[in-house]
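We name chains A, B, ... by the order of the sequence lines, and we start the count at 1 in each one.
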Amino acid sequence: MDEIKSEIYDILKGAIRAAIESGELPIPDVPEIPFSPTKTPEHGDIATPVALGLAKSAKMAPRSIAEIIVKHVDCDKCPHIRDLEIAGPGFINVYLSNEWLDDILRTIVDAQDAYGSGEIGIGKRVQIEFVSANPTGPLNIVSGRAAAVGDTLVNLLNAVGYEAIREYYVNDAGGQVERLGESIDVRYRQALGEKNLKIPEGGYQGEYLQEFAQTIAAKEGDAYLKLSQEERVELFRDKGVAYLLGQQKVSLERFGVNFDVWTSEKAIRDSRKPDQIIEMFREKDYLYEAEGATWFRMTDFGDDKDCVVIRTNGEYTYFVPDAAYHHDKFDRGFDKVIDLLGPDHQGHVTRLKNFVKALGLADDWLEVDIIQQVNLVDSDGNRRDMSKRQGQFLTLDSLIDELADAVGERFAVDVARYFFLMRANNTHLDFNLELAVTQANENPVFYIQYAHARCCSIFQQGREQQIKIKPIDEVSFALLTEAHEHELIRKLAEFPAIVLSSAEEREAHRIPHYLHELAGIFHPYYNQHRVLDASNMERTYARLILIQSVQTVLANGLKLLGISAPESM
RNA sequence: GCGCCUAUAGCUCAAUUGGAUAGAGCAACGGACUUCUAAUCCGUAGGUUGCAGGUUCGACUCCUGCUAGGCGUGCCA
């Protein structure tokens, strides 16, 4: 496929050059030639608007430019071109010979699991940091969305050759975990019968801490009351972080996301890195003292406000360990670092990028994407953010529990991942719970999975009828004459380009859309045409190769999304 | 006030990153199981792409100004 594309590119380039040399096309140089697969077969297989782009500089009508270019195309040189056509305002439509379709099926059958992968990123190391929720409670659904997106982006980057890893930054230091320790202390003492205690300002009210504190009380009794409050808060802080982080890991594993590296903020703070960063900033004169605190000259980097890096109490604000953390990422040798942050962190994107700049790192080394918020809605679009089950803000676990009640544990994670992945990252996601829990035809996840299961089912039937797939060289694809068959093959051919653009643009949602479109061609085909047909075995063999290719692409695509490809449903 | 994100069919979203007649699913209506799985298919209907300008051969896409919603905004992370 790619070879044919570059062949056609060269032919068109040659034609334009010949037209310039003959003086018919008054432009200085051969331009970039954009071309893409067409939306509809009526426009051929590949089309280019290059003549439209040249209209201005050549001061000619686009259609006549296209005519001149086509006149100079040497069709004998490229057996893959069946026909050339000028259409609409001046598009050049290329019709490929049927060999092209054969080539695609051959490529897929040869490559199998590897079909769709690429090499553009070979030799480059990428780190994606995502979820990174505070270890002060269970993961919420936005974290779930980030987990699905980050996990898939890593899959995509690895598929196109990068060496990408998943990393989780554990915010186990600072004021929030202090509040956590204090909150657990209150719950612990309440569990022992103490009255008139209140969760401190900024503390955590959730039931999960009551349960945790009750477990401690049941196990250790009042042993900890002998400690000073300060000692107790510190102890509970550490116990709480360990417990809640453990819970988060369990949730993530259930969701099919496994991080390669967990980095502790506390460890970063305890290292010498933050001091070194401050030292470096001081040397570069990025810092000044005011109002008892130390400030960073953020305005020098174009922001409208400076910001505090050392508080009046002498502690670093989170910026310092954060800058140190990113410097540490650089030291670990990543060519590119991507942070996926939650919607409440958007104010920090510019500051973070500025700190990275202040560290002397390249502008495009750090990429920050915001994973926007998730609303749960019903089919009428009404918001439903509360969990029925727990009567509280929905957590990732309770979402999967609800889905599991409806579609079974087997598909609950598949459905959740699909719904999180089907929208662009920077849009607010309306998660239609009603649609997600329908096990019926409307659910797009099942639509795709069912297509895969149907492919498998054909092979199962074939085995029962003693029909085996023939080696590809003994099959004649000329028998695939149905319009649906050509449409399917054209769609299969798009897959590698979709994977590539999806990885490079960080737009994971293109994969679910593509798979849905592919299934949307397969199902009608399946309904109208029989694959296994004893009265026409030669065509059966050709169709089996086609079905095998469809199955391969569906399976490869679902794997990128971390969604199962069931053999039966 | 300032900054970021968003606005496309009744609802939820696409649109190969500036290309041809803006496409899907859901919801609505009417049909198809003696067939490799009906979790499927076929058909009907649904649009001034928030508004107003501009750039371009060509704009959902880029620029300017409005309107509406979400989020953020110097010592939490």
Side-chain angles (χ1 to χ4, degrees), chain A residues 34 36-40 42-43 47-49 52-53 55-56 61-62 87-91 93 132 134 136 171 173-179 202 265 290-296 298 303-313 315-319 321-322 343-350 370 372-373 375 377 379-381 422-424 426-432 434-435 438-447 449-451 453-455 457-462 464-465 494 497-498 501 505 507 509-510 513 516-517 520 523-533 547 568-569:
Chain A
S36 53
T38 55
K39 278 182 195 165
T40 145
E42 289 163 37
H43 296 149
T48 174
L52 299 167
K56 196 170 189 184
F91 287 93
N93 294 338
S132 298
N134 291 326
T136 52
N171 303 123
Q176 300 191 142
V177 289
E178 292 304 321
R179 298 299 94 70
E265 180 188 347
E291 301 168 37
T294 303
W295 298 69
F296 181 89
M298 199 52 91
D303 210 331
D304 53 353
K305 286 162 192 161
D306 291 335
C307 63
V308 171
V309 286
I310 305 176
R311 298 203 288 256
T312 40
N313 68 6
E315 282 176 28
Y316 292 143
T317 59
Y318 83 100
F319 293 119
D322 223 30
D344 49 339
H345 285 65
Q346 55 177 266
H348 305 298
V349 176
T350 1
I370 296 287
Q372 279 293 355
Q373 73 186 69
N375 300 317
V377 299
S379 284
D380 296 325
M422 69 199 288
R423 304 297 177 224
N426 55 357
T427 62
H428 299 193
L429 172 78
D430 277 358
F431 193 115
N432 186 334
E434 257 177 71
L435 178 59
T438 36
Q439 192 158 5
N441 41 12
E442 312 93 67
N443 199 318
V445 194
F446 297 141
Y447 187 78
Q449 288 182 320
Y450 187 45
R454 275 182 152 176
C455 291
S457 168
I458 291 171
F459 293 124
Q460 180 59 37
Q461 282 289 325
E464 282 167 21
Q465 296 172 30
E494 286 177 28
I498 298 284
S501 69
E505 308 290 330
E507 300 205 326
H509 72 282
R510 291 184 195 183
H513 279 278
H516 197 262
E517 283 167 7
H523 282 305
Y525 173 65
Y526 178 94
N527 263 272
Q528 282 171 41
H529 307 286
R530 281 192 66 84
V531 173
L532 301 172
D533 181 2
I547 298 304
S568 67
M569 291 181 77

Quick one: which of [options] gets closest to the side chain of [X]?
X	options	value
A:Ala47	B:A77, B:A15, B:A20	B:A20
A:Val531	B:G74, B:A14, B:C36	B:C36
A:Lys305	B:G74, B:C76, B:C36	B:G74
A:Pro49	B:U16, B:G19, B:C76	B:G19
A:His523	B:A77, B:A39, B:C41	B:C41
A:Val308	B:A15, B:C42, B:G74	B:G74
A:His513	B:C13, B:C41, B:A77	B:C13
A:Asn527	B:G74, B:A77, B:C41	B:C41
A:His516	B:A24, B:G74, B:U16	B:A24

Pairing residues for [X] by the side chain to side chain donor-acceptor pair (under 3.5 Å) criterion, not counting sequence neighbours:
X	value
A:Thr48	none
A:Tyr318	A:His348
A:Ser501	A:Arg510
A:Gln528	none

Using a heavy-atom cut-off of 4.0 Å across all strands, would you classify [X] as base, sugar-phosphate, or nothing?
X	answer
A:Arg530	base
A:Asp306	base
A:His345	base
A:Glu517	nothing
A:His43	base
A:Glu464	nothing
A:Tyr526	base
A:Glu265	sugar-phosphate
A:Thr350	nothing
A:Ala87	base

Test side-chain contact (heavy atoms from CB on, under 4.5 Å) applied to A:Arg423 - qualifying residues, sequence neighbours left out
A:Arg145, A:Thr427, A:Leu429, A:His513

Mind telling me whether B:C33 is syn or anti, cutoff 90° either side of 0?
syn

Does B:G74 fall in syn (glycosidic angle within 90° of 0) or anti?
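What B:G74 shows is a syn base, its glycosidic angle lying within 90° of 0.
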
Can you give the dot-bracket line for RNA chain B, where a pair is Watson-Crick or G-U wobble with both atom distances under 3.5 Å, crossing pairs use [ ], and | marks a partner on another strand?
(((((((..((((.....[...)))).(((((.......))))).....(((((..]....))))))))))))....

Go through the steps to decide whether A:Leu532 and A:Ile458 satisfy the test side-chain contact (heavy atoms from CB on, under 4.5 Å), and finish with yes or no.
CA-CA 8 Å; A:Leu532 301 172; A:Ile458 291 171; 4.1 Å; yes

Between B:A38 and A:Arg454, is there an OP1 or OP2 to side-chain N/O distance shorter than 4.0 Å?
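For B:A38, OP1 or OP2 has a side-chain N or O of A:Arg454 closer than 4.0 Å.
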
A side-chain contact here means heavy atoms from C-beta on lying under 4.5 Å apart; do A:Phe459 and A:Ile547 qualify?
yes

Main-chain N/O of A:Ala47 paired to A:Thr38 side chain as donor or acceptor, under 3.5 Å:
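No: the side chain of A:Thr38 does not pair with the backbone of A:Ala47.
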
Could you tell me which residues satisfy ring pair (Phe, Tyr, Trp, His ring centres under 6.0 Å) with A:His523, sequence neighbours excluded, listed by chain and number?
A:Tyr447, A:Tyr450

Sequence-distant partners of A:Phe91, ring pair (Phe, Tyr, Trp, His ring centres under 6.0 Å), two or more places apart
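Result, ring pair (Phe, Tyr, Trp, His ring centres under 6.0 Å) vs A:Phe91: none returned.
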
Sequence-distant partners of A:Asp533, salt bridge (Lys or Arg N to Asp or Glu O under 4.0 Å), two or more places apart:
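With sequence neighbours excluded, A:Asp533 shows a salt bridge (Lys or Arg N to Asp or Glu O under 4.0 Å) to A:Arg539, given in chain and number order.
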
Check salt bridge (Lys or Arg N to Asp or Glu O under 4.0 Å) between A:Glu505 and all other residues, then give those that pass, not counting sequence neighbours.
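Counting only residues at least two positions away or on another chain, A:Glu505 forms no salt bridge (Lys or Arg N to Asp or Glu O under 4.0 Å).
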
What does the list of N/O pairs under 3.5 Å between the protein and nucleotides 5-8 of chain B look like, with a distance for each?
from	atom 1	to	atom 2	distance (Å)
B:C5	O2'	A:Asn426	O	2.7
B:U6	OP1	A:Asn426	ND2	3.1

What protein N or O atoms touch nucleotides 55-61 of chain B N or O atoms at under 3.5 angstrom, if any, and at what distances?
from	atom 1	to	atom 2	distance (Å)
B:C57	N4	A:Leu52	O	3.4

The residue, A:Thr38 or A:Asn313, whose nearest nucleotide of RNA chain B is more 5′ is A:Thr38

Of A:Asn93 and A:His529, whose nearest nucleotide on RNA chain B comes first from the 5' end?
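Here A:Asn93 is the residue nearer the 5' end.
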
Centroid distance below 5.5 Å plus an interplanar angle below 30 degrees: do A:Phe91 and B:G19 meet both conditions?
no

